[in-house]
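What follows is a single structure, written as structure tokens, with notes after it.
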Protein chains: 2
Amino acid sequence: MKDVAARAGVGLKTVSRVVNGEAGVSSDTERRVREAITALGFRRNDSARVLRKGTTASIGLVVEDLADPFYSPLSRAVEEVARAHGALLINGSSAEDPERERELALALCARRVDGLVIVPASDDHRYLAPEIAAGVATVFLDRPPGRIEADMVLSDSFEGARSGVAHLIAHGHRRIGFIGDRPGIHTAKERLRGYRAAMAEAGLPVSESWVALGPTGSDRVRTDAARMLDGSGGAAPVTAVFSGNNRVTVTLVRVLAEPEWRGRPVALVGFDDFELADLLSPPVTVIAQDPADLGRSAAELLFRRLDGAEEPPRTLSRPTKLVARGSGEIPPPD
Amino acid sequence: MKDVAARAGVGLKTVSRVVNGEAGVSSDTERRVREAITALGFRRNDSARVLRKGTTASIGLVVEDLADPFYSPLSRAVEEVARAHGALLINGSSAEDPERERELALALCARRVDGLVIVPASDDHRYLAPEIAAGVATVFLDRPPGRIEADMVLSDSFEGARSGVAHLIAHGHRRIGFIGDRPGIHTAKERLRGYRAAMAEAGLPVSESWVALGPTGSDRVRTDAARMLDGSGGAAPVTAVFSGNNRVTVTLVRVLAEPEWRGRPVALVGFDDFELADLLSPPVTVIAQDPADLGRSAAELLFRRLDGAEEPPRTLSRPTKLVARGSGEIPPPD
DNA sequence: GTGAAAGCGCTAACAA
DNA sequence: TTGTTAGCGCTTTCAC
């Protein structure tokens with residue numbers, strides 16, 4: 001910038017004004033400055049600007065896995081809102097590792113992002129308290145923060161799961177399995193709670209061998225599914241399964257498509273919608289969340305905070321929607 | 001940092017040494033400094049560090065759409081490589097808009113990212129020449145740069161498409177349609193070239209009404225597909241379709257599942273693999289690329305440049321793989 | 001082993 | 001309309 005000023009024969013501040021489109025520069029000087037900028041290939045160094053202004057026009061996003069079809073539209077939605085506010089998005093995947101979430105979040109804070117959207121992997125966010133106190137707006141998404149108060153945007157996991165299981169019950173099922181994500185994860189617990197509530201409302205007993213929480217890798221899901229389906233867990237075989245998220249659902253679709261179960265169609269309702277669910281045979285009934293809407297809501301709340309909204313922490317709950325397509329309407333064999 | 005120094009009763013530089021793990025601090029002073037850091041909730045301001053050191057330990061990634069199932073694993077792979085090198089990832093979507101690509105890329109440069117991975121939407125990247133000259137390592141991914149020389153990592157689109165169309169020909173098809181992305185996009189052109197090459201090799205004529213390039217939105221694809229399939233374009237109806245990318249394939253799967261075509265199964269081979277392709281009926285035969293591998297290769301090349309590799313610009317071509325699943329092996333009705 | 005001073009490139013505040 | 005000065009928070013240099 002100094003070089004530009006020298007070349008244009010003006011003061012530093014004049015160049016700054018031109019670069020930032022501030023008023024108070026005669027069109028002639030402006031032209032000279034612009035010429036010098038082009039000639040020198042000058043581009044403002046935003047690091048210096050950040051240092052001086054104390055604001056970075058960037059926000060951070062921490063999700064579980066950027067490549068997951070649930071998180072990728074969510075990230076894109078956050079990006080669009082950021083863009084509308086002139087901010088860039090720095091994002092990273094925690095890989096469901098609390099330590100990695102922490103590292104990422106703190107690295108983002110060290111870069112002085114203006115705000116942070118976090119899908120937590122950890123259940124203790126006290127490490128963020130100093131940052132939040134120092135002014136980093138923070139919104140938790142999909143899962144609540146642990147041991148601190150903060151804004152959050154959640155899907156109604158409990159009600160979604162409850163209605164999905166009630167749907168299976170309404171179609172005549174009495175023995176229903178639940179396969180969900182790891183038990184430490186808030187949404188997994190809430191969805192399981194919804195399952196239990198629906199069963200209890202209908203006066204149906206739940207065998208503990210029908211309930212399986214754990215990693216969403218396909219091996220674990222296959223094992224648990226097989227146990228429920230063939231009755232080797234000790235209780236009678238289930239006639240329907242409720243799946244806790246899109247990763248589990250995809251594995252279950254594969255399991256249920258295998259020859260051994262083909263003769264005895266098993267009903268399936270999955271939490272989360274996914275692409276092509278309607279073209280499978282049978283098409284898959286789901287409890288749909290809108291990941292883009294979740295991302296957008298969280299980002300908008302974040303920018304409202306950055307614009308100075310000073311209310312106490314808020315919780316936004318987003319509804320889910322049952323999409324009946326076929327797999328959830330298969331009756332039990334009687 | 002000044003406050004920490006004051007509180008610990010040491011000099012500024014000593015705090016800096018502790019924070020950065022440099023040698024030359026007695027363990028006693030180190031302890032005092034660490035206490036002050038915790039007490040004050042101090043976190044190094046990386047903007048200042050960047051300003052001083054001239055390097056940001058962050059890289060930028062510009063893709064078409066972060067939410068697209070082709071780009072999201074690619075982004076994740078770039079992120080993992082960045083993480084392994086201690087760098088953060090700033091990324092954005094160009095939405096296939098050259099102006100937006102330019103804005104994003106220049107904004108990233110203004111933040112002084114150390115390097116840039118770009119999936120180009122534009123066909124003229126001369127705007128990046130000053131940045132590259134100024135030391136921003138740049139790798140183009142999936143499509144080559146326009147009007148400048150730079151590193152690039154590409155899939156072998158030509159050979160992939162050629163082999164896919166040859167596969168259809170080997171299964172007896174003589175009238176084959178091609179539906180691809182917009183004609184300005186390099187991969188679309190290459191894949192079309194592959195299609196023409198395979199047809200020519202087999203001595204088959206190509207009616208121009210069998211070829212359709214354009215936006216990947218479902219309306220356009222539906223219209224073009226219907227024209228080829230019912231012969232309303234003037235030429236005889238096609239018995240097979242080759243699809244130029246995963247968005248087009250998904251729409252075609254929907255079109256071909258509709259009642260009007262059910263009676264006359266149409267063969268389909270798609271460029272790009274996608275989740276659940278194997279569970280559709282019929283399962284979809286694809287030319288698979290490995291998006292994660294593309295991302296990883298590009299990022300690794302980028303970091304090799306950042307580590308000082310000084311060779312002239314390189315082009316890496318990644319192979320594709322035909323995955324036969326059923327839809328591409330449907331014979332023509334004779 | 002430790003610290004003081006200079007300066008990275010920019011913008012805010014104030015002069016002219 | 002334009003320029004000058006100070007300083008954002010850190011690291012580098014060099015002296016102690």
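All chains are named by letter (A, B, ...) in the order of the sequence lines, taking the proteins before the strands, and each is independently numbered beginning at 1. Remember, predicted model here, so these are calculated numbers, not experimental data.
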Nearest-nucleotide pick for A/Arg52, side chain only, options being D/dC8, C/dT2, C/dC8: D/dC8
Taking only N and O in the side chain of A/Ser26, is any of them less than 4.0 Å away from OP1 or OP2 of D/dT1? no
Between A/Thr29 and D/dT2, does any side-chain N or O lie under 4.0 Å from OP1 or OP2? yes
Flag, side chain of A/Arg143 to backbone of A/Pro120, donor-acceptor distance under 3.5 Å: yes
Between A/Glu22 (CD) and C/dT11 (P), how many Å, whole number? 8 Å
For B/Ser157, does its backbone N or O pair with a side-chain atom of B/Glu190 as donor and acceptor, under 3.5 Å? no
Describe the nucleic acid contact of A/Val10 in one word from base, sugar-phosphate, nothing, applying a heavy-atom distance below 4.0 Å. sugar-phosphate
Take the protein atom CZ of A/Arg32 and the nucleotide atom P of D/dT2, then report the distance between them rounded to whole Å. 8 Å
Rounding to a whole Å, what distance do you find between B/Leu51:CG and C/dT11:C1'? 12 Å
Atom CG of B/Asn45 and atom C1' of D/dG7: how far apart are they, to the nearest Å? 14 Å
D/dT11 OP1/OP2 closer than 4.0 Å to side-chain N/O of B/Asn20: yes
Rounded to whole Å, please give me the gap between CZ in B/Arg112 and C1' in C/dG9. 9 Å
Just N and O in the side chain of A/Ser16: are any of them under 4.0 Å from OP1 or OP2 of C/dT11? yes
Whole Å only: how far is the NZ atom of A/Lys53 from the C1' atom of D/dG7? 16 Å
Look at the side-chain N and O atoms of B/Ser47 and state whether any lies under 4.0 Å from the OP1 or OP2 oxygen of D/dC10. no
Modelled atom types, side-chain donor and acceptor of A/Thr216 and A/Asp181, under 3.5 Å: no
Would you check if there is a donor-acceptor pair between the side chains of B/Ser93 and A/Glu79 at a distance under 3.5 Å? yes
Please determine whether any donor N or O and acceptor N or O are separated by less than 3.5 Å between the side chain of A/Arg17 and the base of D/dG3. yes
Tell me yes or no: between the side chains of A/Ser47 and A/Asn45, is some donor less than 3.5 Å from an acceptor? yes
Can you tell me how far C1' of D/dT12 sits from NZ of B/Lys13, to the nearest Å? 7 Å
What is the distance, rounded to the nearest whole Å, between atom CG of A/Leu12 and atom P of C/dA15? 19 Å
Take B/Gly24 and A/Arg43, find for each the nucleotide of DNA chain C with the closest heavy atom, and name the residue whose nucleotide sits nearer the 5' end. B/Gly24
